[in-house]
Engineer: 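To start, I am sharing the structure in question, which I have written as structure tokens.
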Amino acid sequence: KRYLHHDGREIWGVLSVTLARTADGAARFFICQIRDITAPERELRHTKLLLEETIANIEDGVVLLDAERHVVLFNRAYSALFGLDESTLRGMSRAQFLGHVGKLVEDPSTFEQTFSEISLNADSNIAYFTLVRPTRRVLRRSARPVGSEGERLYLIVWHDVTIEHDRARMVDVLNRGAQ
């Protein structure tokens, strides 16, 4: 419950009420206890804000999926990376994601096959994908199961490795040319 102190500040408390009865079971009186949880509540809200700000400012695309592979949480970089509207992202299914991203890759059937072979149940896994629309980008996708109070979730991070990939290809080409 939220209480207002006489000086106007908010106080958060947990209210516990127990009914005391007479020997014949009739209500006699209530025992009420209020425990002040203002500091922990404030800390929790502050921690939540810091976490939201941190995820929002990560340059990699970050998405959290539920057990059915629906989007629960995402950052702006994720929506921008795939050209997805933030208003339609929450709750987006795996099939919807594959349908959208399949239009952005060079070979949609290979993309879907590679994507379907990835197991989100492994401790961690990494796969690489190349987008060709709107511009060519090589992405490293890492996935890891995470849990919260028995709930199975999946943390997916998409990192643009185009520069590193192209440098490695260039070095390979130069090395083969020197032989």
Side-chain angles (χ1 to χ4, degrees), residues 1-2 10 12-14 37-170:
K1 286 190 165 268
R2 182 176 65 105
E10 288 183 341
W12 289 91
V14 174
I37 61 165
T38 304
E41 180 71 22
R42 190 177 304 121
E43 288 174 24
L44 183 61
R45 277 189 265 144
H46 180 70
T47 300
K48 182 179 182 282
L49 178 65
L50 286 175
L51 180 61
E52 288 172 351
E53 283 298 309
T54 299
I55 291 172
N57 287 290
I58 292 174
E59 291 181 10
D60 292 335
V62 177
V63 63
L64 188 66
L65 306 176
D66 65 16
E68 289 78 36
R69 313 301 197 269
H70 290 92
V71 173
V72 174
L73 177 75
F74 59 92
N75 67 357
R76 281 173 281 203
Y78 177 79
S79 63
L81 188 62
F82 296 108
L84 291 162
D85 182 46
E86 291 184 22
S87 65
T88 61
L89 257 171
R90 188 164 317 284
M92 178 179 268
S93 70
R94 181 174 190 264
Q96 291 169 317
F97 174 80
L98 290 175
H100 175 79
V101 176
K103 298 172 191 169
L104 307 177
V105 296
E106 190 170 43
D107 183 0
S109 61
T110 301
F111 168 75
E112 286 190 37
Q113 179 183 356
T114 303
F115 208 90
S116 68
E117 292 171 357
I118 296 173
S119 170
L120 290 180
N121 293 319
D123 285 342
S124 179
N125 64 64
I126 296 175
Y128 292 86
F129 300 95
T130 302
L131 301 182
V132 293
R133 291 174 200 82
T135 58
R136 183 185 161 278
R137 285 182 280 178
V138 179
L139 303 176
R140 181 182 69 221
R141 175 193 178 270
S142 60
R144 153 168 277 126
V146 295
S148 172
E149 299 176 5
E151 185 178 20
R152 187 72 161 179
L153 302 167
Y154 301 94
L155 177 64
I156 315 294
V157 178
W158 292 86
H159 181 69
D160 188 336
V161 294
T162 307
I163 294 171
E164 296 90 342
H165 179 267
D166 290 352
R167 280 185 189 150
R169 276 190 17 205
M170 183 64 78

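Below, each value reflects all heavy atoms present in this structure, side chains not excepted, and no hydrogens, waters or symmetry copies. Along the sequence shown, residues are numbered consecutively beginning with 1. Quick caveat: nothing in here was measured; it's all calculated off a predicted structure.
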Engineer: What distance separates I55 CD1 from L50 CG, expressed to the nearest 0.5 Å?
Structural biologist: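 Here the interatomic distance stands at 11.5 Å.
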
Engineer: Apply the test side chain to side chain contact (heavy atoms under 4.5 Å, CB included) to residues W12 and R42: give CA-CA distance (whole Å), side-chain angles for both, the deciding distance (0.1 Å), then the verdict.
Structural biologist: CA-CA 9 Å; W12 289 91; R42 190 177 304 121; over 6 Å; no

Engineer: Considering residues at least two apart in sequence or located in another chain, which fulfil the salt bridge (charged side-chain N to carboxylate O under 4.0 Å, His left out) criterion with E112?
Structural biologist: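 E112 satisfies salt bridge (charged side-chain N to carboxylate O under 4.0 Å, His left out) with no other residue.
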
Engineer: Minimum heavy-atom separation for Y154 and D66, please, with both atom names.
Structural biologist: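 So the two residues come closest at CD1-O, 3.6 Å.
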
Engineer: Using only atom types and a distance under 3.5 Å, with no angle test, would you say the side chain of R133 pairs donor to acceptor with the backbone of L131?
Structural biologist: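 Checked: no pair found.
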
Engineer: Determine the sole option in V138, L139, V105 for which the side-chain contact (heavy atoms from CB on, under 4.5 Å) test with T130 is passed.
Structural biologist: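 Answer after filtering V138, L139, V105: V138.
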
Engineer: To the nearest 0.5 Å, what is the distance between OG1 (T162) and CZ (R137)?
Structural biologist: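 Rounded to the nearest 0.5 Å, the OG1-CZ separation comes to 7.5 Å.
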
Engineer: According to ring pair (Phe, Tyr, Trp, His ring centres under 6.0 Å), who are the partners of F82, at least two apart in sequence or on a separate chain?
Structural biologist: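 Partners of F82 by the ring pair (Phe, Tyr, Trp, His ring centres under 6.0 Å) criterion, ordered by chain and then number, come out as Y78, F97, W158.
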
Engineer: Is it the case that over 12 heavy atoms from other parts of the model lie below 6.0 angstrom from the CG atom of L49?
Structural biologist: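 Count over threshold, so yes.
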
Engineer: Atom OG1 in T114, atom CZ in R141: separation rounded to 0.5 Å?
Structural biologist: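 Answer rounded to 0.5 Å: 11.0 Å.
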
Engineer: In Å and rounded to the nearest 0.5 Å, what is the CZ to CD distance from F129 to E106?
Structural biologist: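 Going from CZ on F129 over to CD on E106, the span is 14.5 Å.
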
Engineer: What pair of heavy atoms forms the shortest contact from A56 to R76, and how long is it?
Structural biologist: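 Smallest interatomic distance, heavy atoms only, reads CB-NH2, 3.1 Å.
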
Engineer: Restricting to salt bridge (charged side-chain N to carboxylate O under 4.0 Å, His left out), what partner residues turn up for K48, sequence neighbours left out?
Structural biologist: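 By the salt bridge (charged side-chain N to carboxylate O under 4.0 Å, His left out) rule, K48 matches E52.
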
Engineer: G102 and P108: which non-hydrogen atoms are nearest, and at how many Å?
Structural biologist: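 Looking at all heavy atoms of both residues, the shortest contact is O-CG, 3.2 Å.
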
Engineer: Counting heavy atoms not belonging to R45, are there more than 12 under 6.0 Å from its CZ?
Structural biologist: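 It does: R45 CZ has more than 12 such atoms within range.
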
Engineer: Would you say that more than 12 heavy atoms from the other residues, nucleotides or ligands in this model lie under 6.0 Å from the CD of E86, or not?
Structural biologist: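 Yes, the 6.0 Å shell around CD holds more than 12 heavy atoms from other groups.
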
Engineer: So R94 and L98, do their side chains get closer than 4.5 Å, heavy atoms only?
Structural biologist: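 Yes. Closest side-chain heavy atoms under 4.5 Å.
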
Engineer: Between atom CZ of R152 and atom CG of L65, what is the distance when rounded to the nearest 0.5 Å?
Structural biologist: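 Output value for this atom pair is 12.5 Å.
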
Engineer: Verify side chain to side chain contact (heavy atoms under 4.5 Å, CB included) between H100 and T88, making sure each step is shown before the conclusion.
Structural biologist: CA-CA 12 Å; H100 175 79; T88 61; over 6 Å; no

Engineer: In Å and rounded to the nearest 0.5 Å, what is the OG1 to CG distance from T135 to L104?
Structural biologist: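 Here the interatomic distance stands at 10.0 Å.
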
Engineer: Which pair of non-hydrogen atoms, one from Q96 and one from G91, has the smallest distance, and what is that distance?
Structural biologist: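 That closest heavy-atom pairing would be OE1-O, 4.3 Å.
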
Engineer: Got a donor-acceptor contact below 3.5 angstrom from the N75 side chain to the V62 backbone?
Structural biologist: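 Yes, the answer is positive, given that a donor and an acceptor are paired below the 3.5 Å cut-off.
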
Engineer: Determine yes or no for a side-chain-to-main-chain donor-acceptor pair under 3.5 angstrom, with R90 supplying the side chain and V72 the backbone.
Structural biologist: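 Indeed, once roles are kept as given, a pair shorter than 3.5 Å links the two residues.
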
